[in-house]
Structure formats: structure tokens, C-alpha cells
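Treat the numbers as computed from the prediction; the structure is a model and nothing was measured.
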Amino acid sequence: MVDSITVRLDHDLASRLGKFLTENPSLSAAFVAVRALEDFLPKSVKIAMTKPSGPGGGQDEVSGREGYEFGISAGRALASQIGELVSPVATELKLPDGRRATLRTAKGRNTQWGCLNTLLERVDVVLCAFTPDGSNFDVWEVDAKVWAREARNASPGHKLHNKLTLLGKSGVDKFGKHFGNYAI
């Protein structure tokens, strides 16, 4: 279970946080705050937040949250360089040539991208961005119809089974084309 809290930051701390986020655009304020609290609070009172996910997940609660936070913040930063952001939540954008796209991100050892079926129905292409270091991205584009045909469904035990499809790097290389290199 994840609880949420609201805090007020004094001007100096808020300013320092803003500067840090400007220098690290792939991070979000929530991610930085959680990391700072985890580092600050004594380890003896830390409650284990990790629990194995269901079949086919490979993530725990913490790594899932980190991946989500990274994907949203890095996706927004990249999308603003590539086109006009239409929906920051879905990292949905309008490309300069008028096509609608969604930008999906992957980092480090994660070499697959996921796209909700409802989102896939609204876009022309899926942009798949990969970064080994969190700031330099290689981006490929996969036609939405090709994605729908070639991507695999999330595992039967996954909460988004029949709602989410996944495509790995080999599929993106095979069915997509290189879109460009970007740094945030």
C-alpha cells in the first residue's frame, strides 16, 4: 500500500529542488522527494516496500514506481523536443508532420516497451526511446498498426492482460525505423 502526503517546502528548499530538477529533467519532484526521504530516514524503521509481482512482472513495488516516474518525466522532456505534447499523462504528442504519436521509454536492462490498447487506437506511431544512462536516448518509430499486429499481450497474470501489449528491442529493430538521437 502506498500512502500519499502533502508537504510545504520553505522557499530555499523549493528553490534547490527546482534547480536540481532543471539539471536532471528525467526525474520528477515526487521521485526525488521519495529518494531523499529513503536516504534520510534511519534504515531500522524502514518498512520493506518490495513485494514480488505476479507472473511475468519482474518488478516489485519500488522498481515499478521508479520506472513509471522515469517514463513520465523523461517522456515529457523528450516529447517537448520532438513535437507538441498533447497529453502529458500518456506522453502523447503531435509530430511536426501532423502524425499523432505516443512516446514510450525504457532504460538500462529494460529493453521492452508497453502500450495500452486504448492509447494505440488514438495514435499513428509509437516512438520507443531507449537510454542506457538516463539522459541520452535512441528513438525508433513503429507504425501503430504494425505494433498492434506484432506486439505480444501482457502475461495472463498481469493486471493489464488484454489491455497492454509489449514489444522488445528486437521487434522494434525489425518492425520499426530509427527516428533520431536525443539528449535531455
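Pairs engaging residues 15-31 under the salt bridge (Lys or Arg N to Asp or Glu O under 4.0 Å) rule: D12-R16, K19-E23 [sequence neighbours left out]. Contacts classified as side-chain hydrogen bond (donor to acceptor under 3.5 Å, both in side chains) and involving residues 139-150 (residues at least two apart or in different chains) are given here: R99-E141, W147-T165.
Of the inter-residue distances, the one linking L160 atom CG with S155 atom OG reads 11.0 Å to the nearest 0.5 angstrom. Remark: K94 NZ to S87 OG distance equals 15.0 Å, nearest 0.5 Å. Rounding to the nearest 0.5 Å gives a distance of 10.0 Å between CG of L120 and CG of L164. To the nearest 0.5 Å, atoms CG (N181) and CG (D138) are separated by 4.5 Å.
A continuous path of Ile, Leu, Val, Met, Phe, Trp and Tyr side chains, each step under 4.5 Å between heavy atoms, connects L93 with V125, placing both in one hydrophobic cluster. Taking hydrophobic clusters as Ile, Leu, Val, Met, Phe, Trp and Tyr residues chained together by side-chain heavy-atom distances below 4.5 Å, F179 shares a cluster with I184. In the hydrophobic cluster analysis, where Ile, Leu, Val, Met, Phe, Trp and Tyr join through side-chain heavy atoms closer than 4.5 angstrom, V142 is grouped apart from I82. Following chains of ILVMFWY side-chain contacts shorter than 4.5 Å, one can reach F130 starting from F175, so the two form part of one hydrophobic cluster. In the hydrophobic clustering of ILVMFWY residues, with side-chain heavy atoms under 4.5 Å counting as a link, I72 and F70 come out apart.
Contact annotation: the side chain of D124 never approaches that of L95 to less than 4.5 Å [non-hydrogen atoms, C-beta and beyond]. Between L119 and R104, some side-chain heavy-atom pair lies under the 4.5 Å cut-off.
Looking at residues two or more places apart in sequence or on another chain, you find a side chain to side chain contact (heavy atoms under 4.5 Å, CB included) between N162 and N153. By the salt bridge (charged side-chain N to carboxylate O under 4.0 Å, His left out) test, D173 pairs with K169, sequence neighbours left out. Judged as a side chain to side chain donor-acceptor pair (under 3.5 Å), and not counting sequence neighbours, the contacts of R100 are E92. Contacts of N24 classified as side chain to side chain contact (heavy atoms under 4.5 Å, CB included), with partners at least two apart in sequence or in another chain: F20, L27.
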>> Could you walk me through whether L78 and R76 satisfy the side-chain contact (heavy atoms from CB on, under 4.5 Å) test, starting with their C-alpha distance in whole Å, then the side-chain angles of each, then the deciding distance to 0.1 Å, before giving a yes or no?
In response: CA-CA 5 Å; L78 277 174; R76 289 174 183 164; over 6 Å; no
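The two residues A129 and W113 come nearest to each other via the heavy atoms O-NE1, 3.1 Å. Between A101 and V123, the closest heavy-atom pair is C-CG1, 3.7 Å. Taking both residues in full, the closest heavy atoms of G83 and P96 are given as CA-CD, 4.3 Å, listed atom of the first, atom of the second, then distance.
With L127 as reference, L103 is the one residue of T105, T102, T91, L103 to meet the side chain to side chain contact (heavy atoms under 4.5 Å, CB included) rule.
Panel note: side chain T131, backbone K107; no donor-acceptor pair is recorded below 3.5 Å.
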